[in-house]
Number of protein chains: 2
Amino acid sequence: MATGRTHRPATRSRGIPEATVARLPLYLRALTALSERSVPTVSSEELAAAAGVNSAKLRKDFSYLGSYGTRGVGYDVEYLVYQISRELGLTQDWPVVIVGIGNLGAALANYGGFASRGFRVAALIDADPDLTGRVVAGIPVQHSDDLEKIVEENGVSIGVITTPAGVAQEVCDRLVNAGVTSILNFAPTVLSVPDGVDVRKVDLSIELQILAFHEQRKAGELAADAPLPETPADAIPATTRQQIPAEAAAQDAARARRGAGSAGGTGSAKGAAKTKDPADQGPDGDVPAVMPA
Amino acid sequence: MATGRTHRPATRSRGIPEATVARLPLYLRALTALSERSVPTVSSEELAAAAGVNSAKLRKDFSYLGSYGTRGVGYDVEYLVYQISRELGLTQDWPVVIVGIGNLGAALANYGGFASRGFRVAALIDADPDLTGRVVAGIPVQHSDDLEKIVEENGVSIGVITTPAGVAQEVCDRLVNAGVTSILNFAPTVLSVPDGVDVRKVDLSIELQILAFHEQRKAGELAADAPLPETPADAIPATTRQQIPAEAAAQDAARARRGAGSAGGTGSAKGAAKTKDPADQGPDGDVPAVMPA
DNA sequence: TAGATTGTTAATCGATTAACAATC
DNA sequence: TAGATTGTTAATCGATTAACAATC
């Protein structure tokens with residue numbers, strides 16, 4: 001996953017493991033679906049299947065919350081929905097601001113999932129004066145000059161950053177100074193924040209790269225093993241070779257030819273990764289977009 | 001991280017742990033930035049700081065790839081960029097299709113991060129005939145009737161699903177049948193796929209819920225501990241009580257009053273989570289949006 | 001050589017899972 | 001009661017981290 005918290009030691013908040021916390025929303029979604037179908041009770045086995053996890057894990061997760069099930073029967077759906085909502089803090093209202101109303105910011109503003117779970121989009125903020133006053137998802141875009149005022153007046157503690165990477169840290173700093181203590185970052189950059197501030201990161205490009213890694217391996221399984229060594233293995237000193245997997249050894253050999261450890265532009269071979277990367281401009285590039293209100 | 005792989009045992013592909021694979025794109029991004037600044041070498045300490053991880057972890061991660069550093073010197077930036085790109089499969093071209101050109105699908109189509117790392121948006125697909133032929137991010141939207149044909153003709157192995165949740169499984173099935181073996185799913189639903197197909201999930205609402213959990217705890221730290229027990233602890237059988245943390249015990253007490261384990265709608269107490277959830281319609285709700293081309 | 005930094009070890013920690021006693 | 005299913009234990013597995021010998 002390309003998602004992760006920055007800062008704050010992997011706190012086991014009130015004794016609930018991080019991994020469990022991350023699954024609670026999954027359970028909640030499955031339970032909500034059952035609730036809509038008026039299913040009164042559900043077993044750990046059924047619920048686990050719906051949530052896509054193993055039932056032992058689910059029971060262990062629930063055991064951190066308390067003993068909410070009934071042996072021989074299962075879990076009361078409505079009751080569990082309430083308990084998990086409560087544990088996640090969804091029984092209260094969370095005003096959020098979205099900063100950076102490009103394509104992605106607009107998509108998030110329109111995303112029904114926020115409003116439905118206690119999250120309320122309190123304001124949309126952008127640095128582009130042309131955007132100010134335009135209405136996205138029924139909410140007027142405000143200028144970033146007023147960021148601090150907006151955060152304070154709305155009691156916002158959660159901020160969503162969908163700006164280009166170049167300004168993300170600055171926006172982050174301003175949000176934090178104004179009182180925001182949780183940040184959901186879509187900009188492809190590492191944010192640094194003071195202690196006590198949580199950052200979660202959603203990185204579209206990283207997700208795809210992880211898929212590509214596995215995809216490449218699938219292809220490799222069929223076609224023996226992709227790119228062939230350019231140099232016979234004996235070109236490598238035996239001492240190194242024995243510790244290194246075959247393919248890496250081949251790469252190492254290539255490197256040896258180029259002179260290992262030499263500083264500066266030996267240049268990256270053949271189709272190597274491009275430099276000058278538009279991705280790092282931000283999740284939206286530069287094109288801001290306004291959705292129909 | 002609300003991100004995770006479905007199916008496929010946590011395979012340690014060619015010996016590289018999943019956790020390491022997930023960090024490689026992070027290192028790659030930091031290295032690319034150094035490369036642009038023409039920095040020739042970097043130490044594990046510096047690179048780790050840039051990537052937001054601990055240096056021991058970084059060295060351990062790199063050790064799975066081979067011995068690419070030079071003791072006393074550090075790592076050659078260009079060489080490492082190439083090696084990681086290669087390991088991630090980014091030295092080849094990956095055609096992807098995006099299915100569901102609502103707000104989010106359009107945002108992704110416009111996202112520069114795809115094109116820049118070997119990912120090429122080969123086609124945009126939507127079920128809405130009104131959208132067919134319109135141009136988003138320079139690419140014409142094609143009708144989902146042609147999904148199979150498009151996947152096959154373009155040799156697509158990676159699919160991105162940004163449809164409403166209701167049709168995500170069907171779209172997934174069609175993609176997989178047509179030959180797609182990796183799926184990035186933005187629809188808030190659990191997809192089931194056959195063995196050999198990887199699914200990664202990005203769930204905006206889950207990320208926010210995890211932040212809310214921690215946010216709630218921060219508030220609780222100040223104000224003693226949020227909602228007070230509604231019932232004195234002695235109302236609970238001692239046997240249960242002794243195993244349960246104080247707060248859960250209070251909740252359990254409330255439950256006891258309502259009759260634990262009783263089936264059907266005791267209803268969820270006070271501000272409990274809403275049923276009928278528009279979020280589960282999909283990341284975009286129903287409003288499709290077309291970006292300026 | 002002396003200083004710097006990697007690559008690896010080993011200890012620690014957290015997460016997963018099967019199995020089953022407790023109990024509805 | 002008999003059957004079902006939870007909650008918990010304990011074993012296992014994987015990930016993190018500090019420390020340091022190897023070595024440039």
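Letters A, B, ... mirror the listed sequences (proteins, then strands); counts begin at 1.
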For [X] and [Y], indicate whether the former's side chain and the latter's backbone hold a donor-acceptor pair under 3.5 Å.
| X | Y | answer |
| --- | --- | --- |
| Ser85(B) | Val81(B) | yes |
| Glu36(A) | Ala33(A) | no |
| Trp94(A) | Gly89(A) | yes |
| Lys218(B) | Gly196(A) | yes |

In whole Å, I'd like the distance from the [atom1] atom of [X] to the [atom2] atom of [N].
| X | N | atom1 | atom2 | result |
| --- | --- | --- | --- | --- |
| Asn54(A) | dA15(C) | CG | C1' | 12 Å |
| Asp61(A) | dT6(D) | CG | P | 14 Å |
| Tyr64(B) | dT9(C) | OH | P | 11 Å |
| Phe62(A) | dT17(C) | CZ | C1' | 17 Å |

Worksheet item: So do Phe186(B) and Ile161(B) actually touch side chain to side chain, heavy atoms under 4.5 Å?
Response: no
Practice prompt. State whether a side-chain donor-acceptor pair under 3.5 Å links Gln209(A) with Ser205(A).
Written response: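 A pair is found: one side chain offers a donor N or O, the other an acceptor, under 3.5 Å apart.
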Discussion item. My understanding is that only residues two or more places apart in sequence, or in another chain, count here; which of them pass ring-ring contact (aromatic ring centres under 6.0 Å, His included) with Tyr75(B)?
Written reply: Phe62(B)
Worksheet item: Looking at dT8(D), dT5(D), dA10(C), which one has an atom nearest to any side-chain atom of Lys60(A)?
Response: dT8(D)
Response to the item:
For DNA chain D, the expected dot-bracket line (Watson-Crick or G-U under 3.5 Å, [ ] crossing, | inter-strand) is ..||||||||||||||||||||||
Worksheet item: Which part of the nucleic acid, if any, lies within contact of Tyr75(B), taking any heavy atom under 4.0 Å across all strands shown: a base, the sugar-phosphate backbone alone, or nothing?
Response: sugar-phosphate
Worksheet item: Does the side-chain contact (heavy atoms from CB on, under 4.5 Å) test come out yes or no for Asp198(B) and Thr181(B), once each step is laid out?
Response: CA-CA 6 Å; Asp198(B) 279 309; Thr181(B) 45; over 6 Å; no
Item to complete: Encode nucleotides 19-24 of chain C as B, S and - characters from 5' to 3', where the letter depends on protein heavy atoms closer than 4.0 Å: B to the base, S only to sugar-phosphate, - to neither.
Response: B-BBBB
Worksheet item: Is any side-chain N or O of Ser44(B) closer than 4.0 Å to OP1 or OP2 of dT6(C)?
Response: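 Yes.
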